[in-house]
Amino acid sequence: MTSNALRILLMAGAALVASACNKSGMATSNTATAETKTSSASGTSNTDPVASAESAAPASLAHDAAVVTVDASGAMKQVRAGKNGWTCMPDAPDTPGPDPMCFDANAGKWADAWVHHKPPPDGTPGVIYMLEGGTDASNTDPYATKPTANNDWVKTGPHVMIVGSKAMLAGYPSGAKPETSAPYVMWAGTPYAHLMVPVNKS
């Protein structure tokens, strides 16, 4: 999970855009839910947002996903229409590490709830792929934007996030300082608790 709260805001906005675009098959643009400084730079290629976005998930999924970017003013732009209900975003160059992501519609609903400080729908599991890894984040504070002495900052490598299901979290470690090389619960004790599953990208 990226530590940059605006990155998640963008994700929620992108889900809404992608949903409409996947139905119509036509390119559209929209305004993101927050202004941020994001460009089409890629963790995989400095010039190709599609290649960067696709690097976040397995090729079989990413190839047919919608690809969206956000400019410095917060305007959302669809780079490619989707065919499978998934949305991918390229790396955000203003975050310290590579953080392209791909997510399904349920994950978009979860993120939208987080953005608006509302309870996310439960029993609607969603998936977020971040196979390039993610920017460091607080493991205990869903809204932290930088490390402090008390917010349990963690580093995340390539991973998959499972969101939207409290029942799915049972039995996984949920302490403030997890072993990040094994699955663990991030943001435990909050409505936005989710499962972090480290993966070997290769």
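Note that this is a predicted model, so its numbers are computed, not measured.
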Is the closest side-chain heavy-atom distance between L131 and P58 below 4.5 Å?
yes
Any donor-acceptor pair under 3.5 Å linking the side chain of D64 with the backbone of G82?
no
Decide whether T124 and N106 meet the rule of one side-chain donor and one side-chain acceptor closer than 3.5 Å.
no
Determine yes or no for a side-chain-to-main-chain donor-acceptor pair under 3.5 angstrom, with D104 supplying the side chain and V127 the backbone.
yes
Is the backbone of G157 close enough, under 3.5 Å, to the side chain of H159 for a donor and an acceptor to pair up by distance?
yes
Check: H116 side chain, D112 main-chain N or O, donor-acceptor pair, under 3.5 Å
yes
Tightest non-hydrogen contact, residues C102 and A62, listed as SG-CB, 4.5 Å
Please report the closest heavy-atom contact between V185 and S174, naming both atoms and the distance.
CB-CB, 3.9 Å
Go through the steps for V50 and V79 under the test side chain to side chain contact (heavy atoms under 4.5 Å, CB included), then give the verdict.
CA-CA 8 Å; V50 172; V79 176; 3.7 Å; yes
Note: C88 and A65 closest approach over all heavy atoms is SG-CB, 3.6 Å
Is there side-chain contact between P125 and M168, with at least one heavy-atom pair below 4.5 Å?
yes
Are the side chain of N84 and the backbone N or O of L61 linked by a donor-acceptor pair below 3.5 Å?
yes
Evaluate the side-chain proximity of L195 to Y184: yes if any heavy-atom separation is below 4.5 Å, no if none is.
no
For P100 and S52, the nearest pair of non-hydrogen atoms, with its separation, is CB-O, 3.3 Å
Walk me through whether M130 and D99 qualify under side chain to side chain contact (heavy atoms under 4.5 Å, CB included).
CA-CA 7 Å; M130 295 188 73; D99 54 7; 3.8 Å; yes
Side chains of T156 and T180, heavy atoms from C-beta outward: is any pair under 4.5 Å?
no
Note: L169 and H194 closest approach over all heavy atoms is CD2-C, 3.7 Å
Main chain of K166, side chain of D122: is a donor-acceptor contact present, judged purely on distance under 3.5 Å?
yes
Can you name the nearest heavy-atom pair linking N139 to A176, along with the distance?
ND2-O, 3.2 Å
Aromatic centroids of Y143 and W114 separated by under 6.0 Å
yes
If I take atom OG1 from residue T148 and atom CG from residue D141, how far apart are they, to the nearest 0.5 angstrom?
7.5 Å
Given the rule in the side chain to side chain contact (heavy atoms under 4.5 Å, CB included) test, do Y192 and M186 qualify, once you have shown the distances and angles that lead to the verdict?
CA-CA 8 Å; Y192 314 106; M186 178 174 262; over 6 Å; no
Ring pair (Phe, Tyr, Trp, His ring centres under 6.0 Å) contacts touching residues 119-138 (sequence neighbours left out)
W86-Y129
Using atom types as modelled and distance alone, determine if a side-chain donor or acceptor of W187 lies under 3.5 Å from a backbone N or O of S138.
yes
Should V67 and F103 be counted in the same cluster of Ile, Leu, Val, Met, Phe, Trp and Tyr side chains packed under 4.5 Å apart?
no
Within the side chain of N151, is there an N or O that forms a donor-acceptor pair under 3.5 Å with the backbone of K146?
yes
Give a yes or no on whether the backbone of V68 and the side-chain of R80 come within a donor-acceptor separation of less than 3.5 Å.
no
